[in-house]
Amino acid sequence: MQAQRYQRGSLSLLKRKSQPDAWVFRFYAEEDGRRTYKRKIVGTVIEFPKRKDAEKAVTQLRVDVNDGAAFAPMNLEQLAAHYQRVELPLKAHSTAEGYKNYLTLHIIPKWGKHSLSAIKSVEVEGWLRKLKKTNGEPASPGTQTKIRNLFSTLFSHAIRYEWAARNPITAVRTSAKRLCTPDILTADEFQALVLELSQRERVIVLLAGSTGLRRGELIALRWRDIDFKLKQANVTHTIWRNVEGKTKTEASKKPVPLHVLVIEELKKWRLVTLYRSEEDFLFPSIAKNGTQPITPDMILRRHIRSALKRIGFHSFRHGFATMLRQQGVDLKTAQELLRHANSRITLEIYQQAVGEEKRVAQNLAFGSLIGRSSTEHPSAPSEVV
């Protein structure tokens, strides 16, 4: 069977009397062995004042029209469009939206018109170092690394389809070093916070602090997900901006053990909440009649931060990881509890030493060196004989 040929189609301006002029994309489709010519309105001149604006919108249409054809992207923009259509639907909603933002705001505006062979490692590295956010501030090392990794993923996609022979992004160097140390709750801060909160917020904080659940996973929990007999939470979905979708990774779906204290608090909360059936959310929005969960930022702003200003939902996850390390929990167990896709991510967290841990380790080492207990003051070592 002869392969379907790649078609670029044509873009033209349709003049209209009673409505704004519109950009029209014309193409053909094979139907029952016959070629049928079709057209699709891309948008009006109000939406796309210039032809180049309409051309950007047509990029995705060309990928859709050529599905199954002997397609080879002419530039990075076309490759990105194909990647978004084929791969992004397989990602968690929050991940897919994040990728779209990086593509739309950074990668495509700079590199979209470049052919794949014209993209060089050194040029991409230099661009990333000077990258700025939409507000004009320099992009953080973490953001640069995420964009670099997505860029590399695009080329891996191209290699998979045999549209490129090499990935120039593998040679691009970035650093994911944090500009500031993440806020981590101490045990005293956590205990004081729990005492100040009302019942719903207390249960949320206890659940977050004892499991390290991501905030989207936590608010997506329904009562059917809580197994009171096995004392565990079954993480099946996540919610991001009121869109329920798949968890971040397959590893994220693993059940999370629940402390007996958290189990008791959940039982008490179920007795008083208005929404307690198996299909109801643990923490529903009263304003939405329980059809949606609460908004995490609202809970954070109105309740939790009134007790502890600097806290964010990820602070609980950071704190949980830190406590695991401080208690000497082995790497594999910590990975399972945090539900990381691989141990490298867990190891990076474990390697972020806490100041107090350094101090204790130093005292132990120096105490042994000078023959004193780590609790003794080392400023005046005994006379060496």
Check: T273 side chain, R276 main-chain N or O, donor-acceptor pair, under 3.5 Å:
no

Does a side-chain N-to-carboxylate-O contact under 4.0 Å join R241 and E97?
no

Residue pair Q144 / L128: nearest heavy atoms and the distance that separates them:
CD-O, 3.2 Å

Output the distance between atom NZ (K267) and atom CG (L271), rounded to the nearest 0.5 Å.
10.0 Å

Are the side chain of W269 and the backbone of L282 linked by a donor-acceptor contact shorter than 3.5 Å?
yes

Is there a donor-acceptor pair under 3.5 Å between the side chain of R26 and the backbone N or O of Y37?
no

Would you name the heavy atoms of K253 and T247 that are closest together and state the gap between them?
CG-OG1, 3.2 Å

So, taking the atom named CZ in F190 and the one named CZ in F320, what distance separates them when rounded to the nearest 0.5 Å?
10.5 Å

Output yes when a side-chain donor or acceptor of E201 lies under 3.5 Å from a complementary backbone atom of I299, and no otherwise.
no

Do R222 and E278 sit within salt-bridge range, that is, some charged N less than 4.0 Å from a carboxylate O?
no

Pairing of E125 and R129 as salt bridge, 4.0 angstrom limit
yes

Any sub-3.5 Å donor-acceptor pair from E47's side-chain atoms to T44's backbone N or O?
yes

May I ask you to decide if T174's main-chain N or O and R148's side chain share a donor-acceptor pair within less than 3.5 Å?
no

Is there a path of hydrophobic side-chain contacts, each under 4.5 Å between heavy atoms, that joins W240 and L90?
no

Which distance, rounded to the nearest 0.5 Å, do you find between the NE2 of H157 and the CG of L154?
8.0 Å

Hey, does the side chain of N75 reach the backbone of E77 with a donor-acceptor pair shorter than 3.5 angstrom?
yes

